[in-house]
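Each remark here refers to the structure printed beneath this line.
Naming convention: chains lettered A, B, ... in sequence-line order (proteins, then strands); numbering from 1 in each chain.
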Protein chains: 2
Amino acid sequence: MDSKIFNLKSKLEVYKAMTNGGNFADCPVRDVIQGINGKWSSLLVMALAEKPYRFGELRRLVPDISQRMLTQTLFDLQRDGYVHREVFPTKPPSVEYSLTDLGRSMFLPLQQLVQWAELNHDAVREARKAFDARI
Amino acid sequence: MDSKIFNLKSKLEVYKAMTNGGNFADCPVRDVIQGINGKWSSLLVMALAEKPYRFGELRRLVPDISQRMLTQTLFDLQRDGYVHREVFPTKPPSVEYSLTDLGRSMFLPLQQLVQWAELNHDAVREARKAFDARI
DNA sequence: TAGCGCTGGTCTCTTTTTGAGACCATCCGT
DNA sequence: ACGGATGGTCTCAAAAAGAGACCAGCGCTA
């Protein structure tokens, strides 16, 4: 019925989806978008899309994330079903994080957003420079 | 060279784009993603994709945004070149917000993310319920 | 056997971001 | 003269994020 790429909805339909047809208090789509909207969520998903990583590896891979936010973002991603967390009984115990099927299914749309950003970041920087000059 | 939908990059390439090949301090892609990652940014872009709106219309359209955040989010979107702001010399003056070409070009990738969210929000809610039950 | 580093975290404190709501000047219609 | 509509700004409280200390358990090595 819905192939992933073609058969796209109209602008109005998409907006309705994001507003739950007017019921703002409980809109599942915005709720889900919020979850992957966090500062670190998408970055970690993209990292784990390549291969599973351990906690310390992720910390070294993304040096500007605090340990606190890494813990919490991974926890949230796990709660939403995007990430699987497995503890191995080594000494000291090591913990491996990997994407679930649900998490993997997010890769494609996320990738398109990243590619858009890659194609357009020059335009954005130009716009900012021009805007700041007028202020 | 890069058609929008096909010819996608590998997972590793996408991750490299998000990390600027290791230079985390100044990664344009993450910078741009951050900009549209805000709590209200994508929602407003999707609303304006349908048609231009005035400030008050947007406020009524998205009742759970505070006036302060509406002002600020629109300001940021304008600064990044996604939104055009035009003041009409009516009394009192009215202000119309519309998407620029750059803003419109964001619609497609954003739409795919929204559709993904629409298709998968059930799975996410299930995952959360299951996870919370174990805690 | 005393220190040291590695594992994956938690706890506390400070700074930043967001939200709620009052306030504002101006004009219009009545 | 007054209420409503325009698009904001200002202040203060709450929530989220960042920085960095701390922790237990084990292995290694001096």
Side-chain angles (χ1 to χ4, degrees), chain A residues 24-27 30-31 33-45 47-48 52-80 83-98 131 134-135, chain B residues 19 24-27 30-31 33-45 47-48 51-80 83-98 131 134-135:
Chain A
F24 288 82
D26 173 40
C27 174
R30 275 170 72 182
D31 193 35
I33 296 281
Q34 282 297 99
I36 61 182
N37 233 336
K39 184 166 182 183
W40 304 106
S41 317
S42 50
L43 183 59
L44 291 178
V45 168
L48 293 173
Y53 281 107
R54 301 210 345 238
F55 186 88
E57 292 178 312
L58 285 173
R59 181 156 39 88
R60 284 186 290 275
L61 204 57
V62 187
D64 55 345
I65 192 176
S66 68
Q67 199 161 342
R68 185 182 162 286
M69 284 314 292
L70 182 55
T71 304
Q72 177 161 334
T73 305
L74 287 170
F75 184 88
D76 292 344
L77 290 174
Q78 188 195 354
R79 187 175 106 98
D80 284 4
V83 160
H84 174 71
R85 177 182 187 270
E86 188 153 11
V87 183
F88 292 99
T90 56
K91 314 260 166 129
S94 56
V95 181
E96 187 183 85
Y97 293 93
S98 55
F131 186 86
R134 291 193 311 95
I135 297 281
Chain B
T19 56
F24 288 81
D26 173 40
C27 173
R30 275 170 71 181
D31 192 34
I33 296 281
Q34 281 296 99
I36 61 182
N37 233 337
K39 184 168 181 183
W40 304 105
S41 316
S42 51
L43 184 58
L44 291 178
V45 168
L48 292 173
K51 68 185 186 71
Y53 280 108
R54 303 215 339 242
F55 185 87
E57 293 178 312
L58 285 172
R59 182 158 37 89
R60 283 186 291 275
L61 202 58
V62 187
D64 55 345
I65 193 177
S66 70
Q67 198 162 343
R68 184 184 164 286
M69 284 316 290
L70 183 55
T71 302
Q72 179 160 336
T73 306
L74 288 170
F75 185 88
D76 293 344
L77 291 174
Q78 188 196 352
R79 188 175 104 97
D80 283 4
V83 159
H84 174 70
R85 177 181 186 270
E86 186 153 11
V87 182
F88 292 98
T90 57
K91 315 261 166 127
S94 57
V95 182
E96 188 183 85
Y97 293 92
S98 55
F131 186 85
R134 291 193 310 96
I135 298 279

Exercise. Evaluate the side-chain contact (heavy atoms from CB on, under 4.5 Å) criterion for residues A:L43 and B:I33: first the C-alpha distance (whole Å), next the side-chain angles of each, then the deciding distance (0.1 Å), finally the verdict.
Key: CA-CA 10 Å; A:L43 183 59; B:I33 296 281; over 6 Å; no
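- To the nearest 0.5 Å, atom CD of residue A:Q34 and atom NZ of residue B:K39 are 5.5 Å apart.
- With rounding to whole Å, B:F75 atom CZ is found 16 Å from C:dT17 atom C1'.
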Under 3.5 Å, side-chain donor or acceptor atoms of residues 90-97 of chain B against the rest of the protein: list the pairs with distances, not counting sequence neighbours.
{"residue": "B:T90", "atom": "OG1", "partner": "B:P92", "partner atom": "O", "Å": "2.8"}
{"residue": "B:T90", "atom": "OG1", "partner": "B:S94", "partner atom": "N", "Å": "3.1"}
{"residue": "B:T90", "atom": "OG1", "partner": "B:S94", "partner atom": "OG", "Å": "3.3"}
{"residue": "B:Y97", "atom": "OH", "partner": "B:R85", "partner atom": "NE", "Å": "3.2"}

Sequence neighbours excluded and cut-off under 3.5 Å, please list the side-chain donor-acceptor pairs for residues 65-75 of chain A, or say none.
{"residue": "A:S66", "atom": "OG", "partner": "A:M69", "partner atom": "N", "Å": "3.2"}
{"residue": "A:T71", "atom": "OG1", "partner": "A:Q67", "partner atom": "O", "Å": "3.0"}
{"residue": "A:T73", "atom": "OG1", "partner": "A:M69", "partner atom": "O", "Å": "2.7"}

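- No engagement by A:F88 is indicated, since no non-hydrogen atom pair under 4.0 Å with the nucleic acid exists.
- In this structure, CZ of B:R60 is placed 10 Å from C1' of D:dT6, rounded to the nearest angstrom.
- The CZ atom of A:F55 sits 6 Å away from the C1' atom of C:dG8 (whole-angstrom rounding).
- Salt bridge A:R30/B:D64: present, at least one basic N to carboxylate O contact under 4.0 Å.
- In this structure, B:L70 places its CG atom 17 Å from P of C:dG21, rounding to the nearest Å.
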Exercise. Show the numbers, then the answer: is there a side-chain contact (heavy atoms from CB on, under 4.5 Å) between A:S41 and A:L77?
Key: CA-CA 7 Å; A:S41 317; A:L77 290 174; 4.1 Å; yes
Exercise. List the protein contact pattern of nucleotides 10-30 of chain D with one symbol per nucleotide (5' to 3'): B for base contact, S for sugar-phosphate-only contact, - for none; contact means a heavy-atom distance under 4.0 Å.
Key: -B-----BBB-----BS----
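- When the P atom of C:dT16 is taken as reference, atom CD of B:Q34 falls 16 Å away, rounded to whole Å.
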